[in-house]
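Remarks on the structure that follows.
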Amino acid sequence: MSSDAAPSRDFIRKIIDEDLASGKHKEVVTRFPPEPNGYLHIGHAKSICLNFGLALEFPNSRCHMRFDDTNPSKEEEEYVQSILADVQWLGFDWGEHLYFASDYFDQLYEYAEHLIQTGKAYVCDLTPDEIREYRGTLTAPGKESPYRDRTVEENLDLFRRMRAGEFPDGSRVLRAKIDMASGNINLRDPVLYRILRASHHRTGDRWCLYPMYDYTHPISDALEGITHSLCTLEFEDHRPLYDWTLDHLPVPCHPRQIEFARLNLAYTVVSKRKLIKLVQHGHVSGWDDPRMPTISGIRRRGYTPEAIRAFCERIGLAKNDSIVDMALLEYCIREDLNERAPRAMAVLQPLKVVITNYPAGKTEELTAQNHPQQPEMGQRTVPFSREIYIEQDDFMEQPPKKFFRLAPGREVRLRYAYFIKCEEVVKDASGKVVELCCTYDPATIGGAAPDGRKVKGTIHWVSAAHAVAAEVRLYDRLFTKENPDDAEEGKDFRDYLNPESLITLTGCMVEPSLANSAPEQGYQFERQGYFCADRRDSRPGHLVFNRTVTLRDSWEKTKEK
RNA sequence: UGGGGCGUCGUCAAGCGGUAAGACACAAGACUUUGACUCUUGCAUUCGCAGGUUCGAAUCCUGCCGCCCCAGCCA
């Protein structure tokens with residue numbers, strides 16, 4: 001392999017390398033700054049892995065966990081808890097560095113007065129509609145507010161009275177005095193503070209005016225000594241305002257904002273606004289529905305932190321708008337689970353098989369490997385008896401070419417058990433196959449034929465008398481369209497929901513060792529895929545397994561030919 | 001008709017003037033008590049297009065074309 005080839009470094013790491021080499025910085029300090037207004041999703045995972053990953057890569061570095069909680073009308077404590085839990089679950093640690101933008105409200109306020117005092121900010125009485133009108137359009141410059149030239153004294157007085165609660169919500173704002181004719185709309189005297197009587201999850205009713213993101217973010221970064229402030233592309237236009245803010249305030253340092261492309265995943269949506277809509281309209285069971293691209297959903301589905309981190313490394317980092325193929329995510333979880341998941345046998349759609357020459361009432365405990373490549377994972381015992389279940393798909397009355405499984409007169413191997421041969425097919429009145437009568441070869445115990453006889457197929461099975469019933473949930477992509485955001489006229493992303501994204505199978509039969517499987521423990525159900533017991537709904541006596549991902553299936557492909 | 005970005009294989013993504021990395025996907029084959037895993041092999045004469053500079057260009061210049069973001073008192 002290319003073990004000698006240095007892995008290519010992304011543009012952000014190159015910038016950091018230079019800053020370290022030039023002595024601009026001695027360590028790197030990043031931050032992950034979510035707004036607590038929803039659950040984290042796979043797109044956030046990219047940012048988390050980047051920011052916390054950087055802190056781990058560079059000496060003496062750290063990553064701050066910071067909530068951007070400047071809009072109490074949308075934010076909730078439930079979200080901060082879920083976000084913290086998700087970041088931790090992903091495997092990252094902010095140590096002592098947990099912050100809230102709301103911790104800086106006092107400092108932010110003082111800085112605002114400083115801006116007023118230096119003539120860089122003013123109180124504006126225009127209504128929201130008027131502000132929009134005065135802002136101009138993308139192609140036409142805006143015009144200056146009639147309140148733009150108030151005296152420092154008047155501005156200070158008004159701003160203090162805004163804080164004191166003398167004016168109703170929305171009646172006045174504090175604006176930066178920059179340039180109403182700028183081609184960059186963010187620079188057309190952006191609003192810095194608005195009056196908003198909403199109870200804040202941390203500061204309660206202490207404030208009735210709240211700072212805006214564009215004002216809060218650069219200052220929070222500077223106060224924390226952030227060196228590199230990484231955000232997504234849509235904030236590129238905001239960078240001049242980020243810099244303006246820090247240039248006009250006596251802040252301790254001036255972090256560099258760098259933007260990268262957000263992650264988009266095919267056949268799903270990655271936007272809190274849309275995800276919350278799916279939850280609120282009942283299209284999914286909740287934020288942690290296993291079909292959701294949320295961290296908690298993916299987790300419940302059976303993905304591991306290791307797989308998600310590997311995925312985030314593999315997708316790369318650049319400024320191209322991109323839609324990553326779901327196949328990469330699936331590759332990452334298969335790679336991880338193939339290595340670590342114990343194997344087990346589970347029959348999802350049972351077909352009864354009676355082994356006519358096997359003694360009734362007899363039970364054998366056969367030995368099975370927990371992992372074919374890793375003997376250290378040990379062995380277990382699987383009961384075998386006269387009546388077993390096999391997968392309906394593993395039998396065909398009229399098998400096509402290259403079908404290696406069971407068919408009339410054909411012999412296959414029951415994994416870890418015996419060779420059996422199909423002697424008779426039992427059907428019901430409608431002609432549906434309901435049972436198979438087979439014979440077994442006692443000499444093939446364990447699955448090896450002493451006479452060297454070969455069989456093409458090996459199938460999984462479970463002893464009917466010992467099987468444990470389970471419910472199994474098969475998940476598929478949530479949307480039928482690769483980019484649901486790209487909706488046709490008159491439609492929205494929800495018109496592309498996949499009606500078969502969840503198929504619930506009941507009456508599945510699993511081997512007895514699975515009876516007490518712990519939630520989130522990943523298993524490979526041999527020949528089928530990776531599954532885990534649902535952390536919400538599964539319990540002993542009522543097993544519920546989620547299919548995390550299928551195994552690669554080359555038979556599916558040859559079958560189609 | 002404004003401002004800011006981006007265009008390299010089906011999907012991500014290296015490359016930054018010296019003659020197209022890698023990964024996923026896909027295809028073919030080997031192995032196999034999971035049609036899994038693993039292994040082997042193949043997969044961009046070409047870098048949005050057109051000119052130009054140069055011995056030499058995906059890389060430099062010019063002009064087009066296409067896509068994304070911005071007009072919240074959201075972040």
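Fair warning: this is a prediction, and the values are worked out from it, not measured in the lab. So you know, we letter chains A, B, ... as the sequences are listed, proteins then strands, and number each from 1.
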Q) Of the non-hydrogen atoms in Cys208(A) and Met162(A), which two are nearest, and what is the gap between them? A)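 Closest approach of Cys208(A) to Met162(A), heavy atoms only: SG-O, 3.3 Å.
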Could you tell me whether [X] contacts a base, only the sugar-phosphate backbone, or nothing, with contacts defined as non-hydrogen atoms closer than 4.0 Å?
| X | answer |
| --- | --- |
| Phe67(A) | nothing |
| Ala448(A) | base |
| Tyr331(A) | sugar-phosphate |
| Arg188(A) | nothing |
| Leu414(A) | nothing |
| Arg552(A) | sugar-phosphate |
| Arg334(A) | nothing |

(Q) For the CG atom of Asn186(A) and the CG atom of Asp214(A), what is their distance to the nearest 0.5 Å? (A)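 Reported to 0.5 Å precision, the distance equals 6.0 Å.
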(Q) Please report the interatomic distance CG(Asn320(A)) to CZ(Phe260(A)), rounded to the nearest 0.5 Å. (A)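 Spacing of CG (Asn320(A)) from CZ (Phe260(A)) equals 13.5 Å.
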Tell me the interatomic distance from [X], atom [atom1], to [N], atom [atom2], rounded to whole angstroms.
| X | N | atom1 | atom2 | value |
| --- | --- | --- | --- | --- |
| Met326(A) | A23(B) | CE | C1' | 18 Å |
| Asp10(A) | C16(B) | CG | C1' | 16 Å |
| Asn338(A) | U32(B) | CG | C1' | 14 Å |
| Arg262(A) | G5(B) | CZ | C1' | 15 Å |
| Arg13(A) | A13(B) | CZ | C1' | 14 Å |
| Asp243(A) | G4(B) | CG | C1' | 14 Å |
| Tyr267(A) | U11(B) | OH | C1' | 11 Å |
| Asn320(A) | G4(B) | CG | P | 19 Å |

Determine the Euclidean distance between corresponding [atom1] atoms of [M] and [N]; express it in Å to zero decimal places.
| N | M | atom1 | result |
| --- | --- | --- | --- |
| C67(B) | G51(B) | P | 23 Å |
| U59(B) | U54(B) | P | 16 Å |
| A13(B) | U38(B) | P | 25 Å |
| C16(B) | A30(B) | C1' | 42 Å |
| A58(B) | C70(B) | P | 35 Å |
| A36(B) | A25(B) | P | 13 Å |
| A27(B) | G66(B) | P | 36 Å |
| A44(B) | U8(B) | C1' | 8 Å |

So what's [N] paired with, Watson-Crick or G-U wobble, going by both distances under 3.5 Å?
| N | answer |
| --- | --- |
| C12(B) | G22(B) |
| G7(B) | C65(B) |
| C47(B) | none |
| A75(B) | none |
| A58(B) | none |

**Q.** Sequence-distant partners of Lys274(A), salt bridge (charged side-chain N to carboxylate O under 4.0 Å, His left out), two or more places apart
**A.**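 By the salt bridge (charged side-chain N to carboxylate O under 4.0 Å, His left out) rule, Lys274(A) matches Asp485(A).
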Q: Mind checking salt bridge (charged side-chain N to carboxylate O under 4.0 Å, His left out) for Glu224(A) and listing every partner two or more places apart, or none if nothing turns up?
A: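 Listed in chain order: Arg66(A).
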Q: Consider the side chain of Asp325(A), meaning its heavy atoms from C-beta on, and name the nucleotide among A36(B), A14(B), U11(B) that approaches it most closely.
A: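 Selected nucleotide (nearest to the side chain): U11(B).
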Q: For the side chain of Ser8(A), starting at C-beta, report the closest nucleotide among C16(B), G35(B), A21(B).
A: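 The listed nucleotide nearest to Ser8(A)'s side chain is A21(B).
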Q. Is Tyr99(A) close to Ser220(A) at the side-chain level, that is, under 4.5 Å between some pair of heavy atoms?
A.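 SC-SC contact between Ser220(A) and Tyr99(A) ruled out.
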Q) Base of G51(B) relative to its sugar, syn (within 90° of 0) or anti? A)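 Classified anti.
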Just to confirm, is there a sub-4.0 Å distance from OP1 or OP2 of [N] to any side-chain nitrogen or oxygen of [X]?
| X | N | answer |
| --- | --- | --- |
| Lys319(A) | C67(B) | no |
| Arg9(A) | A14(B) | no |
| Lys557(A) | C26(B) | yes |

Q | Tyr213(A)-His217(A) aromatic ring centre distance below 6.0 Å | A |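 Distance test on ring centres: under 6.0 Å, yes.
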Q.
Which label fits Tyr109(A) and Phe159(A): parallel for a plane angle under 30°, tilted from 30 to 60°, or perpendicular past 60°?
A.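 Ring orientation, 0 to 90° scale: parallel.
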Q. Can a salt bridge be assigned to the pair Glu236(A) and Lys319(A) using a cut-off of 4.0 Å between side-chain N and carboxylate O?
A.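 The answer is yes: the pair qualifies as a salt bridge.
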Q.
Could you check whether Arg405(A) pairs with Asp393(A) (Lys NZ or Arg NE/NH1/NH2 to Asp/Glu carboxylate O, under 4.0 Å)?
A.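 No, Arg405(A) and Asp393(A) are not salt-bridged.
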Q. Pick the nucleotide of RNA chain B nearest each of Glu482(A) and Glu526(A); which residue has the one closer to the 5' end?
A.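 It is Glu482(A) whose nearest nucleotide is closer to the 5' end.
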Q. Which residue, Thr139(A) or Arg415(A), contacts RNA chain B at a nucleotide closer to its 5' end, judged by nearest heavy atom?
A.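 The answer here is Thr139(A).
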Q: Assess whether one donor atom and one acceptor atom, taken from the side chain of Arg405(A) and the base of G35(B), lie less than 3.5 Å apart.
A: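 Donor-acceptor pair under 3.5 Å: yes.
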Q) Hey, is the side chain of Gln524(A) pairing donor to acceptor with the base of U34(B) inside 3.5 Å? A)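 Check passes, donor-acceptor contact within cut-off.
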**Q.** Between Glu330(A) and Tyr530(A), a side-chain donor and acceptor under 3.5 Å
**A.**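 No donor-acceptor contact under 3.5 Å links the two side chains.
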Q. With the sugar-phosphate defined as primed atoms, P, OP1 and OP2, and the base as all remaining atoms, what B/S/- string results for nucleotides 68-75 of chain B, 5' to 3', for protein heavy atoms under 4.0 Å?
A. SBBBSBBB
